[in-house]
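In this text the structure is predicted, and so the values were computed from the model without any measurement. These numbers come from the heavy atoms of this one structure, side chains and all, not from hydrogens, waters or symmetry mates.
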Amino acid sequence: MKKEKIIIYQILPRLFGNTKSLNAINGSIEENGVGKLSAFSTDVLQAIKKMGFTHIWYTGLLEHATQTDYSKYGIRNDHPAIVKGKAGSPYAIKDYYDIDPDLAENVPNRMKELEALVERTHEAGLKMIMDFVPNHVARQYHSDVKPEGVVDLGENDNRTVPFDRNNNFYYFPEQAFSPEFELTIQGNTYSEFPAKATGNDCFSPHPCRNDWYETVKLNYGVDYSNGNHFFDPVPKTWFQMFDILRFWASKHIDGFRCDMAEMVPVEFWEWLIPQLKQEFPNILFIAEVYDPNRYRDYLRKGKFDYLYNKVGLYDTLRAITCGNQSARAITYCWQTVDDIHAQMLNFLENHDEQRIASDFFAGDAWKAIPALVVSATMYQNPFMIYAGQESGEKGMDAEGFSGLDGRTTIFDYWSVESLRNWYNHGKINSEALTSDQKRLRNLYIRILALCNTSLAVREGKFFDLMYVNPPSADFNPDKQYAFMRYAGNELLLIAVNFDDRPVDIRVFLPEQAFSYFEIDETCIRSAKELLTGTVLNEKVNRNSAYPIRLEKYHAKMIRFVLKSEKN
């Protein structure tokens, strides 16, 4: 069985398939509409597969706090003072055992609709990832559909003490929840007594607007007042989280993206992941971890499969794209994680980050093509695209709770024009896209396809060429970056240009690269530029420079085919 480079498509079902274009600021579900799981038809999923994706991360599947009234279905209402936006944050989980009712055509049938989506996803040849949010829950957490015998989080807590190893939450005894903002809306006041600690480690009954005030912190056996750990015997929360993950894994989910995994003790993951993999050996765990000093701990001890490559490659490529850093920084960046590079998940956008085309990032989606090529093709590790990125979504809407910040809202009922136009009322085509959007999509698709059709990209060795290409009339290492990949009978030379003007460069190919790959350049029988299909005639010689024309903000991926695998 051939290896596969994981290519993930992240998408919020709430936003996808919503054909309403009113987009009223702070609009209700009736005004602005909402996407449904049913929008992910067989045709949609097959189209996503054809774009080069191997996995789809459905973001926001679990039932979360919302200002929409679903009480007629037996779902408790949430107080609007502790819900961010009309739709609510998909990371303020109200019921770990349920699917968000917004996403269902028939609310009582929502779990069956989810199960049907899992089946359609797999039939399309895609694997399915969903969120696991382990660090915090909605302030009014309550499961309406928990399995028989399951005790609700916090139900049996001892609320008279700040910390108990078997409590699910942290408390402020004899103190009411009194944040630095109003809790009364239309005469209805939210009350919480005793107050619980807030999800972003705000151990105070007085969170502010910038805190994750809509959530409460879960207790994994850490007494934050003194830093003591109580992991033996295993805390109750650990067992409850294991049961929740087992519940979803049994529905044939292929992986979990674990929100803010580093805010949960690594010992919990060390205990949980191997156990779950005993029963579900192929299930993936992806961690959102931002502290580079803890990367190896969460991989080696915590047993995660992959980590976000945010504080590293993402930050570096963003800075270079915006003209704030030299392209030379890429070399240092990969060197810091060289021993774990295969387990770093690369991306240029996700729901937390600003859109590339927004005024807050590059202002133009085309400017990130060099970063895209580097991020997607440098190694064998996974790569992720955020839905709409491939069409240059700008994210320049002030949707409501989410203001004008260059991000696509996760809090409000909204529709995204680029996605709406591609969905095109279920036709799934490019008819409604602009010519520029079509060109960008086609380039993305070519690059993503190469991630698995090119043996060298999918599983080949990597060689950085920057150390032999210092500043010269033929190469500017502040604006250009070059590297090689090799596997089987395929040698790739990849060069990118972060500059705002076209350049003619000469990339020096050292003896060491050919020795490292164990190949002889005399065995090269043909050459082609993969992004354009252009056949090339230039000869390759070790210890000599190879000429390349690079357009502004663009890249070349030159494939040399060898006569045999090894010389």
Side-chain angles (χ1 to χ4, degrees), residues 11-18 28-29 33-40 57-80 82-118 128-148 150-155 168-169 190 199 212 214-216 218 237 240-241 243-251 253 256-260 351 401 409-413:
I11 192 163
L12 275 76
R14 182 205 288 167
L15 297 175
F16 186 74
N18 182 10
S28 66
I29 190 172
V34 69
K36 305 291 183 180
L37 298 182
S38 58
F40 293 93
W57 166 19
Y58 296 104
T59 303
L61 292 178
L62 295 176
E63 183 187 329
H64 55 264
T66 180
Q67 295 189 42
T68 301
D69 186 347
Y70 285 105
S71 58
K72 66 181 180 181
Y73 300 106
I75 298 171
R76 291 187 183 182
N77 285 333
D78 301 289
H79 195 286
I82 51 165
V83 179
K84 291 181 176 179
K86 294 291 186 183
S89 168
Y91 294 97
I93 304 301
K94 185 165 71 173
D95 189 344
Y96 275 124
Y97 289 98
D98 208 355
I99 290 300
D100 189 62
D102 278 349
L103 305 179
E105 295 283 358
N106 180 1
V107 173
N109 202 40
R110 57 194 180 277
M111 189 60 76
K112 289 185 178 179
E113 290 187 26
L114 180 280
E115 291 165 350
L117 176 62
V118 175
M128 179 169 175
I129 296 170
M130 69 179 291
D131 287 294
F132 175 50
V133 187
N135 176 63
H136 49 266
V137 295
R139 295 209 87 90
Q140 292 182 295
Y141 182 90
H142 173 77
S143 178
D144 301 303
V145 298
K146 59 183 180 289
E148 186 176 351
V150 171
V151 176
D152 246 354
L153 293 169
E155 186 175 336
N168 293 132
F169 305 128
Y190 173 73
W212 304 348
E214 80 280 24
T215 68
V216 291
L218 281 166
T237 300
Q240 291 168 286
M241 294 296 109
D243 288 343
I244 290 162
L245 281 171
R246 191 174 182 276
F247 172 84
W248 292 108
S250 69
K251 294 188 179 295
I253 303 299
F256 297 101
R257 178 268 186 188
C258 300
D259 184 71
M260 297 308 297
H351 69 277
F401 184 86
T409 183
I410 64 170
F411 305 105
D412 307 280
Y413 292 114

Query raised in the report: Would you say the side chains of Tyr91 and Asn135 form a donor-acceptor pair under 3.5 Å?
Result: no

Requested in this report: Work out which heavy atom in Tyr97 is nearest to a heavy atom in Pro147; give both atom names and the distance.
Outcome: CD2-CD, 3.5 Å

**Report entry** Side-chain donor or acceptor of Asp412 paired with backbone N/O of Phe401 under 3.5 Å
**Finding:** yes

Query raised in the report: Within a radius of less than 6.0 Å around NZ of Lys251, do more than 12 heavy atoms belonging to other residues, nucleotides or ligands occur?
Result: yes

Report task. Starting at CG of Leu114, measure out to CD1 of Ile99 and round the result to the nearest 0.5 Å. Result -> 3.5 Å

Query raised in the report: At what distance, to the nearest 0.5 angstrom, does CZ of Phe247 lie from CD1 of Ile253?
Result: 10.0 Å

Query raised in the report: How many angstroms lie between atom CG of Leu12 and atom CG of Leu61, to the nearest 0.5 angstrom?
Result: 9.0 Å

Query raised in the report: Do you know the tightest heavy-atom contact between Pro134 and Tyr96?
Result: CA-OH, 4.1 Å

Report summary line: Rounded to the nearest 0.5 Å, the CZ atom of Phe132 sits from the CG atom of Asp259 at a distance of 10.0 Å

Query - Side-chain (Glu113) to main-chain (Asn106) donor-acceptor, under 3.5 angstrom - result: yes

Query raised in the report: Is Arg14 reaching over with its side chain to a backbone N or O of Ile410, donor-acceptor style, under 3.5 angstrom?
Result: yes

Query raised in the report: Donor-acceptor pair, Arg139 side chain versus Thr215 backbone, under 3.5 Å?
Result: yes

Query - Side-chain donor/acceptor of Lys94 to backbone N/O of Arg76, under 3.5 Å - result: yes

Query raised in the report: Would you say the side chain of Trp57 lies within less than 4.5 Å of the side chain of Met130, judging by non-hydrogen atoms?
Result: no

Query raised in the report: Do the side chains of Leu245 and Phe256 get nearer than 4.5 Å, heavy atoms only?
Result: yes

Query raised in the report: Any donor and acceptor pair, going by atom type alone, linking the side chain of Asp131 with main-chain N or O of Val133 inside 3.5 Å?
Result: no

Query - Identified side chain to side chain contact (heavy atoms under 4.5 Å, CB included) counterpart of Glu63 within the set Asp144, Val145, Ile93 - result: Asp144

Requested in this report: Indicate yes or no for a side-chain donor-acceptor contact from Gln140 to the backbone of Ala65 under 3.5 Å, with no hydrogens or angles considered.
Outcome: no

Query raised in the report: Does a side-chain heavy-atom distance below 4.5 Å link Pro108 with Tyr73?
Result: yes

Report task. Return the minimal non-hydrogen interatomic distance between Phe169 and Gly154, and the atom names on each side. Result -> CE1-CA, 3.6 Å

**Report entry** Point-to-point distance, once rounded to the nearest 0.5 Å, from CD1 of Ile29 to OG1 of Thr68
**Finding:** 5.0 Å

Query raised in the report: His142 pairs by side chain to side chain contact (heavy atoms under 4.5 Å, CB included) with which of Leu153, Asp152, Ile75, Asp95?
Result: Asp152

Query raised in the report: Looking at His136 and Gly199, what are the two nearest heavy atoms and their distance?
Result: CB-CA, 3.8 Å

Query - Non-hydrogen side-chain atoms of Tyr413 and Thr66 separated by less than 4.5 Å - result: yes

Query - Closest approach of Ala92 to Glu214 (non-hydrogen atoms, all atoms of both residues) - result: CB-CG, 3.7 Å

Query raised in the report: Are Leu117 and Tyr58 close enough that some pair of their side-chain heavy atoms sits under 4.5 Å apart?
Result: yes

Report task. Using modelled atom types only, decide if a donor and an acceptor are shared between the side chain of Asp78 and the backbone of Gln67 within a distance under 3.5 Å. Result -> no

Query raised in the report: Roughly how far, to the nearest 0.5 Å, is OG1 of Thr409 from NZ of Lys86?
Result: 13.0 Å

Requested in this report: Mind listing the closest non-hydrogen atom pair of Val34 and Lys36 along with its distance?
Outcome: CG1-NZ, 3.7 Å

